[in-house]
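Note sheet for the following structure.
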Amino acid sequence: MDEEKLHQTILEALNEFAQADGEVKEDVLNFTRLVWAGQEANGTSLISLKQRLGDITAEQALLLDRVLENMNDPDLNAQLKALMDEKQAVQEQIQAMEQEAAQSENRMSRMAELREWMAKLEVNTEYNDEQVRMAVERITVVDAETIHIKFRYPGLEMDKKLG
């Protein structure tokens with residue numbers, strides 16, 4: 001494979017990527033909005049879930065005292081079981097929301113880095129290996145005339161014919 005053709009094709013792809021700057025910035029803003037909106041799932045915030053967990057724990061303690069006084073009462077045992085199940089479900093929701101928040105924070109950080117880098121990205125007339133390494137995650141040779149380029153920007157991939 002001709003290295004000069006390869007470099008020229010990669011340069012063309014990078015320049016297309018650099019020209020998409022406005023589109024990327026809009027995607028970043030949309031992504032940020034989605035992340036912030038995702039902090040409340042089904043109208044339930046993490047704070048309200050933690051408050052509910054505290055309420056359930058208090059209810060559970062009171063009910064447990066009643067169950068210990070009257071161990072044979074099936075209604076009290078059923079109520080205790082229902083509270084335990086609800087508590088576990090709330091704990092799982094809290095854990096899922098905390099994991100999602102951590103993942104969202106990580107994604108936002110990566111997107112902020114990309115935004116900063118995109119501000120520095122310019123259309124070039126010459127191949128620049130450093131810029132390629134910063135922008136491109138992977139280049140795959142499809143066949144003798146085609147390469148597949150996957151950019152670090154999530155979801156952006158393109159096939160380019162060698163010039």
Atom CG of Leu68 with >12 non-hydrogen neighbours under 6.0 angstrom
yes
Tightest non-hydrogen contact, residues Leu11 and Glu126, listed as CD1-O, 3.5 Å
Looking at CG of Leu53 and OG of Ser48, how far apart are the two atoms once the value is rounded to the nearest 0.5 Å?
11.5 Å
Would you tell me whether Asp143 and Thr146 have side-chain atoms, one donor and one acceptor, within less than 3.5 Å of each other?
yes
Side chains of Gln95 and Gln91: is there a donor and an acceptor less than 3.5 Å apart?
no
Taking C-beta and beyond as the side chain, do Leu46 and Glu98 meet within less than 4.5 Å on heavy atoms?
yes
Are Ile10 and Met158 linked, directly or through intermediate hydrophobic residues, by side-chain heavy-atom contacts shorter than 4.5 Å (ILVMFWY only)?
yes
Under a 4.5 Å cut-off applied to non-hydrogen side-chain atoms, are Ile149 and Glu157 in contact?
no
How long is the span from the CD1 atom in Ile94 to the CD1 atom in Ile47, to the nearest 0.5 Å?
11.5 Å
For the pair Lys161 and Glu145, find out whether any cationic side-chain nitrogen is under 4.0 Å from an anionic carboxylate oxygen.
no
So do the side chains of Lys87 and Thr57 get within less than 4.5 Å of each other, counting heavy atoms only?
yes
What pairs with His7 under side chain to side chain contact (heavy atoms under 4.5 Å, CB included), at least two apart in sequence or on another chain?
Glu3, Tyr127
Consider only side-chain heavy atoms of I, L, V, M, F, W and Y, link residues closer than 4.5 Å, and tell whether Met84 and Leu49 are in one cluster.
yes
Assess whether side chain to side chain donor-acceptor pair (under 3.5 Å) is satisfied between Gln8 and Glu4, documenting all intermediate values.
CA-CA 6 Å; Gln8 185 60 37; Glu4 184 58 37; over 6 Å; no
I want to check something: taking the side chain as every heavy atom from C-beta on, are Leu80 and Gln60 in contact at a cut-off of under 4.5 Å?
yes
Any residue meeting salt bridge (charged side-chain N to carboxylate O under 4.0 Å, His left out) with Lys160, in chain and number order, not counting sequence neighbours:
Glu12, Glu16
Val90, Met97: one ILVMFWY side-chain cluster at the under-4.5 Å cut-off?
yes
Is there a path of hydrophobic side-chain contacts, each under 4.5 Å between heavy atoms of I/L/V/M/F/W/Y residues, joining Leu63 to Met71?
yes
So, do Arg66 and Leu62 sit near enough that their side-chain heavy atoms are less than 4.5 Å apart?
no
Taking the side chain as every heavy atom from C-beta outward, state whether Leu162 and Ile147 have any atom pair closer than 4.5 Å.
yes
More than 12 foreign heavy atoms under 6.0 Å from CG of Asn72: is that the case here?
no
To the nearest 0.5 angstrom, please state how far the CD atom of Gln88 sits from the CG atom of Leu83.
13.0 Å
Kindly compute the distance separating OG (Ser45) from NZ (Lys50), expressed to the nearest 0.5 Å.
10.5 Å
